[in-house]
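Here is the structure we will look at, set down as C-alpha coordinates.
FYI, side chains are in, hydrogens and waters are out, and symmetry mates aren't considered; it's all heavy atoms of this structure. Throughout, residue positions are numbered sequentially from 1 according to the sequence presented. Not measured: the values here are computed from a predicted model.
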Amino acid sequence: MIELPVLDGVVEQRPKKPNWLRVKLPIGEEYKHVRNLVDTHKLHTICESGNCPNMGECWGEGTATFMILGNICTRSCGFCAVATGRPEPVDWDEPQRVAEAINLMKVKHAVVTSVDRDEIKDGGSIIWYNTIKAIKTLNPSTTLETLIPDFKAEAENIQRIIDAAPEVVSHNIETVERLTKQVRIQAKYWRSMETLRILKAGGMRTKSGIMLGLGETKEDVIQTMQDLRDSNVDVITIGQYLQPSKRHLAVQRFVHPDEFKELREIGYNMGFDYVESGPLVRSSYHSEKHVIQGWGKNKWLEEKQLQ
(Lines give C-alpha, C1' and ligand atoms only; values in the text may rest on other atoms or scores of the structure.)
Protein backbone atom coordinates (compact mmCIF):
# COMPACT_ATOMS: atom_id res chain seq x y z
CA MET A 1 0.00 0.00 0.00
CA ILE A 2 1.09 3.59 -0.64
CA GLU A 3 1.45 5.62 2.55
CA LEU A 4 -0.80 8.66 2.80
CA PRO A 5 0.73 12.13 3.13
CA VAL A 6 1.35 13.64 6.54
CA LEU A 7 2.70 16.99 7.61
CA ASP A 8 6.31 16.13 8.53
CA GLY A 9 7.70 17.62 11.73
CA VAL A 10 4.53 19.53 12.59
CA VAL A 11 3.09 18.98 16.05
CA GLU A 12 -0.15 20.84 16.57
CA GLN A 13 -2.79 20.93 19.24
CA ARG A 14 -5.76 19.64 17.35
CA PRO A 15 -9.13 21.30 17.89
CA LYS A 16 -11.57 19.35 20.05
CA LYS A 17 -14.55 17.91 18.21
CA PRO A 18 -17.64 19.99 19.12
CA ASN A 19 -20.94 18.51 20.27
CA TRP A 20 -22.73 19.38 17.01
CA LEU A 21 -20.68 16.64 15.32
CA ARG A 22 -22.06 13.81 17.42
CA VAL A 23 -23.43 10.96 15.31
CA LYS A 24 -25.80 8.08 16.01
CA LEU A 25 -24.40 4.57 16.27
CA PRO A 26 -25.60 2.21 13.52
CA ILE A 27 -28.40 0.13 15.04
CA GLY A 28 -31.83 -1.25 14.15
CA GLU A 29 -33.32 -4.01 12.03
CA GLU A 30 -33.14 -2.09 8.74
CA TYR A 31 -29.45 -1.40 9.32
CA LYS A 32 -28.87 -5.13 9.89
CA HIS A 33 -30.82 -5.92 6.71
CA VAL A 34 -28.64 -3.62 4.59
CA ARG A 35 -25.50 -4.94 6.32
CA ASN A 36 -26.45 -8.50 5.38
CA LEU A 37 -27.19 -7.58 1.75
CA VAL A 38 -23.85 -5.83 1.35
CA ASP A 39 -22.00 -8.82 2.80
CA THR A 40 -23.97 -11.45 0.89
CA HIS A 41 -23.44 -9.79 -2.50
CA LYS A 42 -19.77 -9.01 -1.80
CA LEU A 43 -20.34 -5.32 -2.40
CA HIS A 44 -18.21 -2.35 -1.42
CA THR A 45 -19.82 0.78 0.03
CA ILE A 46 -18.25 4.19 0.45
CA CYS A 47 -20.28 4.31 3.69
CA GLU A 48 -17.78 1.85 5.19
CA SER A 49 -14.63 2.58 3.17
CA GLY A 50 -15.04 6.33 3.71
CA ASN A 51 -16.03 6.09 7.39
CA CYS A 52 -19.14 8.18 6.70
CA PRO A 53 -20.67 9.71 9.86
CA ASN A 54 -24.18 9.24 8.45
CA MET A 55 -23.93 5.48 7.85
CA GLY A 56 -26.20 4.62 10.78
CA GLU A 57 -28.90 7.06 9.67
CA CYS A 58 -28.81 6.17 5.98
CA TRP A 59 -28.54 2.42 6.41
CA GLY A 60 -31.28 2.60 9.02
CA GLU A 61 -33.51 4.04 6.30
CA GLY A 62 -32.55 1.25 3.90
CA THR A 63 -30.22 3.24 1.65
CA ALA A 64 -26.50 2.96 0.89
CA THR A 65 -23.92 4.34 -1.50
CA PHE A 66 -22.29 1.53 -3.46
CA MET A 67 -18.66 1.72 -4.52
CA ILE A 68 -17.76 -0.10 -7.72
CA LEU A 69 -14.41 -1.03 -9.31
CA GLY A 70 -13.07 -2.42 -6.04
CA ASN A 71 -12.04 -0.74 -2.81
CA ILE A 72 -8.41 0.13 -3.62
CA CYS A 73 -7.77 3.50 -5.27
CA THR A 74 -4.88 4.49 -7.54
CA ARG A 75 -4.79 7.97 -5.99
CA SER A 76 -3.65 8.96 -2.50
CA CYS A 77 -5.74 11.95 -1.45
CA GLY A 78 -4.76 13.31 1.94
CA PHE A 79 -8.34 13.33 3.26
CA CYS A 80 -9.68 9.98 2.11
CA ALA A 81 -10.03 6.78 4.14
CA VAL A 82 -10.18 4.52 1.06
CA ALA A 83 -7.05 2.36 0.69
CA THR A 84 -4.44 3.34 -1.90
CA GLY A 85 -2.42 0.83 -3.91
CA ARG A 86 -2.62 -1.59 -6.83
CA PRO A 87 -6.27 -2.50 -7.46
CA GLU A 88 -7.55 -5.98 -8.17
CA PRO A 89 -8.55 -6.81 -11.78
CA VAL A 90 -11.91 -5.45 -12.94
CA ASP A 91 -14.85 -7.65 -11.93
CA TRP A 92 -17.15 -7.73 -14.94
CA ASP A 93 -19.95 -9.38 -12.92
CA GLU A 94 -20.07 -6.47 -10.47
CA PRO A 95 -22.66 -4.36 -12.37
CA GLN A 96 -25.26 -7.13 -12.16
CA ARG A 97 -24.58 -7.77 -8.47
CA VAL A 98 -25.05 -4.09 -7.65
CA ALA A 99 -28.28 -3.97 -9.66
CA GLU A 100 -29.60 -7.07 -7.87
CA ALA A 101 -28.73 -5.66 -4.44
CA ILE A 102 -30.57 -2.41 -5.21
CA ASN A 103 -33.55 -4.48 -6.31
CA LEU A 104 -33.52 -6.51 -3.08
CA MET A 105 -33.26 -3.34 -1.00
CA LYS A 106 -36.26 -1.92 -2.88
CA VAL A 107 -34.83 1.59 -2.75
CA LYS A 108 -36.40 4.40 -4.74
CA HIS A 109 -33.10 6.24 -5.12
CA ALA A 110 -29.59 4.78 -5.33
CA VAL A 111 -26.10 6.31 -5.28
CA VAL A 112 -23.09 4.71 -6.95
CA THR A 113 -19.50 5.89 -6.67
CA SER A 114 -16.08 4.40 -7.39
CA VAL A 115 -12.39 4.54 -6.67
CA ASP A 116 -10.09 6.08 -9.28
CA ARG A 117 -8.71 3.50 -11.73
CA ASP A 118 -6.01 5.49 -13.52
CA GLU A 119 -4.21 2.29 -14.54
CA ILE A 120 -7.07 1.35 -16.89
CA LYS A 121 -7.19 2.99 -20.32
CA ASP A 122 -10.92 3.74 -20.05
CA GLY A 123 -10.57 4.82 -16.40
CA GLY A 124 -13.26 2.31 -15.49
CA SER A 125 -15.89 4.10 -17.58
CA ILE A 126 -17.02 0.89 -19.32
CA ILE A 127 -17.84 -0.75 -15.98
CA TRP A 128 -19.56 2.49 -15.02
CA TYR A 129 -21.71 2.36 -18.17
CA ASN A 130 -22.55 -1.31 -17.60
CA THR A 131 -23.47 -0.67 -13.96
CA ILE A 132 -25.81 2.22 -14.72
CA LYS A 133 -27.51 0.23 -17.49
CA ALA A 134 -27.87 -2.87 -15.28
CA ILE A 135 -29.41 -0.83 -12.47
CA LYS A 136 -31.83 0.87 -14.84
CA THR A 137 -32.84 -2.41 -16.49
CA LEU A 138 -33.56 -4.24 -13.24
CA ASN A 139 -34.89 -1.19 -11.36
CA PRO A 140 -36.71 1.00 -13.92
CA SER A 141 -38.44 3.12 -11.27
CA THR A 142 -35.25 3.79 -9.26
CA THR A 143 -33.61 7.17 -9.69
CA LEU A 144 -29.83 7.17 -9.73
CA GLU A 145 -26.98 9.47 -8.77
CA THR A 146 -23.48 8.62 -9.95
CA LEU A 147 -20.52 10.11 -8.07
CA ILE A 148 -17.74 9.71 -10.62
CA PRO A 149 -13.95 10.25 -10.79
CA ASP A 150 -12.64 13.01 -13.05
CA PHE A 151 -11.65 10.50 -15.79
CA LYS A 152 -8.80 12.97 -16.39
CA ALA A 153 -11.43 15.10 -18.20
CA GLU A 154 -11.20 12.73 -21.21
CA ALA A 155 -14.35 13.33 -23.23
CA GLU A 156 -14.70 9.76 -24.54
CA ASN A 157 -14.84 8.28 -21.04
CA ILE A 158 -17.16 10.99 -19.70
CA GLN A 159 -19.44 10.46 -22.69
CA ARG A 160 -20.11 6.89 -21.54
CA ILE A 161 -21.66 8.30 -18.35
CA ILE A 162 -23.74 10.75 -20.38
CA ASP A 163 -24.91 7.96 -22.70
CA ALA A 164 -26.00 5.84 -19.73
CA ALA A 165 -28.12 8.81 -18.54
CA PRO A 166 -28.32 8.70 -14.73
CA GLU A 167 -30.57 11.35 -13.18
CA VAL A 168 -27.67 13.13 -11.45
CA VAL A 169 -23.92 13.04 -12.11
CA SER A 170 -21.68 14.24 -9.30
CA HIS A 171 -17.96 14.91 -9.22
CA ASN A 172 -16.55 16.48 -6.07
CA ILE A 173 -14.11 19.38 -6.22
CA GLU A 174 -13.46 18.56 -2.51
CA THR A 175 -11.46 21.69 -1.61
CA VAL A 176 -10.47 25.15 -2.78
CA GLU A 177 -7.96 25.76 -5.56
CA ARG A 178 -5.19 26.90 -3.20
CA LEU A 179 -5.26 23.63 -1.21
CA THR A 180 -5.83 21.19 -4.08
CA LYS A 181 -2.20 20.04 -4.41
CA GLN A 182 -2.07 19.22 -0.71
CA VAL A 183 -5.53 17.67 -0.37
CA ARG A 184 -6.02 15.97 -3.77
CA ILE A 185 -2.45 15.16 -4.70
CA GLN A 186 -2.98 13.61 -8.17
CA ALA A 187 -6.02 15.72 -9.03
CA LYS A 188 -6.23 19.12 -10.69
CA TYR A 189 -8.75 21.80 -9.74
CA TRP A 190 -9.48 23.05 -13.24
CA ARG A 191 -9.48 19.54 -14.70
CA SER A 192 -12.31 18.69 -12.31
CA MET A 193 -14.14 21.83 -13.42
CA GLU A 194 -13.70 20.73 -17.04
CA THR A 195 -15.18 17.31 -16.23
CA LEU A 196 -18.23 19.04 -14.76
CA ARG A 197 -18.53 21.34 -17.79
CA ILE A 198 -18.43 18.38 -20.21
CA LEU A 199 -21.16 16.63 -18.22
CA LYS A 200 -23.36 19.72 -18.24
CA ALA A 201 -22.83 20.24 -21.98
CA GLY A 202 -24.04 16.66 -22.39
CA GLY A 203 -27.33 17.50 -20.70
CA MET A 204 -26.64 16.06 -17.25
CA ARG A 205 -27.92 17.44 -13.95
CA THR A 206 -24.58 18.07 -12.23
CA LYS A 207 -23.45 18.18 -8.63
CA SER A 208 -20.25 18.79 -6.67
CA GLY A 209 -19.10 18.94 -3.05
CA ILE A 210 -16.66 20.85 -0.85
CA MET A 211 -15.17 19.94 2.56
CA LEU A 212 -14.43 22.68 5.09
CA GLY A 213 -11.88 22.75 7.89
CA LEU A 214 -8.69 22.04 5.93
CA GLY A 215 -7.28 25.57 6.17
CA GLU A 216 -9.36 27.40 3.58
CA THR A 217 -10.62 30.95 4.09
CA LYS A 218 -14.19 32.12 3.61
CA GLU A 219 -13.06 33.97 0.48
CA ASP A 220 -11.54 30.72 -0.86
CA VAL A 221 -14.81 28.88 -0.36
CA ILE A 222 -16.94 31.55 -2.00
CA GLN A 223 -14.59 31.64 -5.00
CA THR A 224 -14.83 27.86 -5.36
CA MET A 225 -18.61 28.05 -5.17
CA GLN A 226 -18.55 30.72 -7.90
CA ASP A 227 -16.23 28.59 -10.06
CA LEU A 228 -18.72 25.73 -9.76
CA ARG A 229 -21.60 27.99 -10.73
CA ASP A 230 -19.59 29.28 -13.69
CA SER A 231 -19.30 25.61 -14.69
CA ASN A 232 -23.13 25.45 -14.53
CA VAL A 233 -23.22 23.00 -11.61
CA ASP A 234 -26.79 22.55 -10.34
CA VAL A 235 -26.30 21.05 -6.86
CA ILE A 236 -23.61 21.75 -4.27
CA THR A 237 -22.93 20.01 -0.96
CA ILE A 238 -20.81 21.64 1.77
CA GLY A 239 -19.72 19.70 4.87
CA GLN A 240 -17.13 19.47 7.63
CA TYR A 241 -13.92 17.53 6.97
CA LEU A 242 -13.34 14.82 9.58
CA GLN A 243 -9.89 13.24 9.84
CA PRO A 244 -10.22 9.47 9.15
CA SER A 245 -6.98 8.60 10.99
CA LYS A 246 -3.79 10.19 12.35
CA ARG A 247 -2.12 9.42 9.00
CA HIS A 248 -4.47 11.77 7.16
CA LEU A 249 -4.52 15.55 7.00
CA ALA A 250 -5.47 17.10 10.33
CA VAL A 251 -8.61 19.17 10.87
CA GLN A 252 -7.56 22.82 11.08
CA ARG A 253 -10.93 24.10 12.27
CA PHE A 254 -14.42 22.90 13.10
CA VAL A 255 -16.84 25.15 11.27
CA HIS A 256 -19.86 26.35 13.24
CA PRO A 257 -23.35 25.45 11.93
CA ASP A 258 -24.13 29.17 11.54
CA GLU A 259 -21.34 29.46 8.95
CA PHE A 260 -22.84 26.57 7.00
CA LYS A 261 -26.20 28.36 7.06
CA GLU A 262 -24.55 31.50 5.71
CA LEU A 263 -22.91 29.54 2.87
CA ARG A 264 -26.28 27.99 2.04
CA GLU A 265 -27.71 31.48 1.65
CA ILE A 266 -24.76 32.57 -0.51
CA GLY A 267 -25.12 29.49 -2.68
CA TYR A 268 -28.78 30.05 -3.44
CA ASN A 269 -28.11 33.71 -4.20
CA MET A 270 -25.43 32.59 -6.65
CA GLY A 271 -28.02 30.56 -8.51
CA PHE A 272 -27.50 26.96 -7.39
CA ASP A 273 -30.66 24.88 -7.71
CA TYR A 274 -29.93 22.95 -4.50
CA VAL A 275 -27.53 23.77 -1.65
CA GLU A 276 -26.96 21.12 1.04
CA SER A 277 -24.80 22.76 3.72
CA GLY A 278 -24.10 21.54 7.26
CA PRO A 279 -21.44 19.99 9.51
CA LEU A 280 -22.41 16.36 8.82
CA VAL A 281 -23.31 16.81 5.16
CA ARG A 282 -21.65 14.35 2.78
CA SER A 283 -22.08 14.12 -0.97
CA SER A 284 -24.85 11.52 -0.92
CA TYR A 285 -26.67 12.87 2.16
CA HIS A 286 -30.34 13.51 1.25
CA SER A 287 -29.38 12.84 -2.38
CA GLU A 288 -32.87 11.56 -3.19
CA LYS A 289 -34.00 15.21 -3.02
CA HIS A 290 -31.14 16.44 -5.21
CA VAL A 291 -32.74 14.73 -8.21
CA ILE A 292 -35.80 16.99 -8.13
CA GLN A 293 -35.41 20.13 -10.23
CA GLY A 294 -36.31 23.23 -8.21
CA TRP A 295 -37.00 21.41 -4.93
CA GLY A 296 -34.19 22.97 -2.91
CA LYS A 297 -34.47 26.48 -4.31
CA ASN A 298 -38.25 26.56 -3.91
CA LYS A 299 -37.97 25.44 -0.28
CA TRP A 300 -35.38 28.17 0.34
CA LEU A 301 -37.68 30.79 -1.21
CA GLU A 302 -40.57 29.60 0.97
CA GLU A 303 -38.38 29.93 4.05
CA LYS A 304 -37.48 33.51 3.12
CA GLN A 305 -41.13 34.42 2.71
CA LEU A 306 -41.87 33.15 6.24
CA GLN A 307 -39.05 35.21 7.80
Side-chain angles (χ1 to χ4, degrees), residues 65 75 77 79-80 111 113 116 145-155 158 161-162 166-184 186-241 255 259-287 289-301:
T65 299
R75 299 189 186 180
C77 297
F79 67 89
C80 186
V111 182
T113 188
D116 284 277
E145 176 186 325
T146 54
L147 174 53
I148 66 169
D150 60 27
F151 292 121
K152 297 181 180 179
E154 293 175 355
I158 297 170
I161 307 298
I162 295 169
E167 279 71 22
V168 177
V169 185
S170 180
H171 171 64
N172 287 338
I173 198 67
E174 305 291 10
T175 190
V176 301
E177 183 179 10
R178 180 172 57 84
L179 298 178
T180 295
K181 287 183 179 180
Q182 180 184 16
V183 176
R184 303 173 67 211
Q186 294 104 318
K188 297 178 181 179
Y189 183 85
W190 291 108
R191 186 170 69 183
S192 285
M193 292 292 178
E194 178 63 16
T195 295
L196 289 162
R197 283 194 289 268
I198 293 171
L199 289 164
K200 192 61 185 177
M204 296 291 96
R205 179 169 172 81
T206 54
K207 173 178 169 180
S208 192
I210 310 171
M211 302 175 295
L212 303 187
L214 283 159
E216 69 289 324
T217 65
K218 180 180 178 181
E219 291 73 22
D220 287 332
V221 176
I222 292 173
Q223 184 59 58
T224 300
M225 293 170 70
Q226 189 59 60
D227 291 339
L228 289 170
R229 270 309 299 142
D230 292 344
S231 299
N232 294 313
V233 169
D234 300 292
V235 181
I236 185 171
T237 62
I238 309 171
Q240 170 71 52
Y241 167 65
V255 180
E259 293 185 54
F260 283 104
K261 289 179 182 178
E262 181 184 4
L263 290 171
R264 178 175 180 261
E265 189 81 6
I266 290 169
Y268 278 123
N269 282 319
M270 279 184 181
F272 284 102
D273 188 61
Y274 201 117
V275 182
E276 193 82 65
S277 182
L280 290 175
V281 166
R282 295 297 180 267
S283 183
S284 58
Y285 190 54
H286 292 160
S287 64
K289 298 174 183 176
H290 302 167
V291 173
I292 308 168
Q293 180 76 33
W295 194 94
K297 194 158 194 175
N298 289 337
K299 184 177 180 181
W300 171 70
L301 290 171

- Interatomic spacing from CG in Leu212 to OG1 in Thr175 - rounded to 0.5 Å: 8.5 Å
- Given the rule in the side-chain contact (heavy atoms from CB on, under 4.5 Å) test, do Arg205 and Asp273 qualify, once you have shown the distances and angles that lead to the verdict? CA-CA 10 Å; Arg205 179 169 172 81; Asp273 188 61; 2.7 Å; yes
- Where do Arg191 and Gln186 come nearest, in terms of heavy atoms and distance? NH2-O, 3.1 Å
- Decide whether Arg184 and Ser192 meet the rule of one side-chain donor and one side-chain acceptor closer than 3.5 Å. yes
- Query: Counting distance only, does the side-chain N/O of Thr113 pair as donor-acceptor with the main-chain N or O of Leu147 below 3.5 Å?
  - Reply: yes
- Message: Please tell me whether Glu145 and His290 have a donor and an acceptor in their side chains that are separated by less than 3.5 angstrom.
- Response: no
- Query: So, do Gln226 and Met270 sit near enough that their side-chain heavy atoms are less than 4.5 Å apart?
  - Reply: yes
- With the side chain counted from C-beta on, respond yes when Thr217 and Asp220 share a heavy-atom pair under 4.5 Å apart, and no when they do not. yes
- Query: Looking at Ile222 and Ile266, what are the two nearest heavy atoms and their distance?
  - Reply: CD1-CD1, 3.9 Å
- Task: Please report the C-alpha distance between Val275 and Glu265 in whole Å, then the side-chain angles of each, then the deciding distance to 0.1 Å, and finally whether the side-chain contact (heavy atoms from CB on, under 4.5 Å) criterion is met.
- Result: CA-CA 8 Å; Val275 182; Glu265 189 81 6; over 6 Å; no
- Rounded distance (nearest 0.5 Å) linking atom CG of Asp116 with atom CD1 of Ile148: 10.5 Å
- Task: May I have the step-by-step check of side-chain contact (heavy atoms from CB on, under 4.5 Å) for Tyr189 and Lys181, ending in yes or no?
- Result: CA-CA 9 Å; Tyr189 183 85; Lys181 287 183 179 180; over 6 Å; no
- Item | Donor-acceptor contact present, side-chain Gln240 to main-chain Val255, <3.5 Å | yes
- Value rounded to 0.5 Å, distance of OG1 in Thr237 from CG in Asn172: 5.5 Å
- Message: Tell me the closest heavy-atom pair linking Val221 and Val176, and the distance in Å.
- Response: N-CG1, 3.9 Å
- Message: Minimum heavy-atom separation for Pro166 and Met204, please, with both atom names.
- Response: O-SD, 4.0 Å
- Taking all non-hydrogen atoms of both residues, which atom of Phe272 and which atom of Leu228 are closest, and how far apart? CZ-CB, 4.0 Å
- Could you state the interatomic distance from OH (Tyr274) to NE2 (His286), rounded to the nearest 0.5 Å? 7.0 Å
- For the atom pair OG (Ser208) and CD1 (Ile173), what is the distance rounded to the nearest 0.5 Å? 5.5 Å
- Item | Ser287 side chain to Ser283 backbone, donor-acceptor under 3.5 Å | no
- Query: Does a salt bridge link Lys218 with Glu262, judged by any charged N lying under 4.0 Å from a carboxylate O?
  - Reply: yes
- Pairwise distance CZ(Arg197) to OG(Ser231) - rounded to 0.5 angstrom: 4.5 Å
- Task: For residues Phe260 and Ser277, report the shortest heavy-atom separation together with the two atoms involved.
- Result: O-OG, 2.8 Å
- Answer yes or no: is there an ion pair linking Asp150 with Lys188, defined by an N-O contact shorter than 4.0 Å? no
- Does Leu214 reach the side chain of Gln182, with side-chain heavy atoms less than 4.5 Å apart? no
- Please lay out, stage by stage, how Lys207 and Ile236 fare under the test side-chain contact (heavy atoms from CB on, under 4.5 Å). CA-CA 6 Å; Lys207 173 178 169 180; Ile236 185 171; over 6 Å; no
- Message: Once salt bridge (Lys or Arg N to Asp or Glu O under 4.0 Å) is applied, what residue pairs with a partner in residues 225-236 remain, sequence neighbours excluded?
- Response: Lys200-Asp234
- Query: Side-chain contact, heavy-atom cut-off 4.5 Å: Val233 with Met193?
  - Reply: no
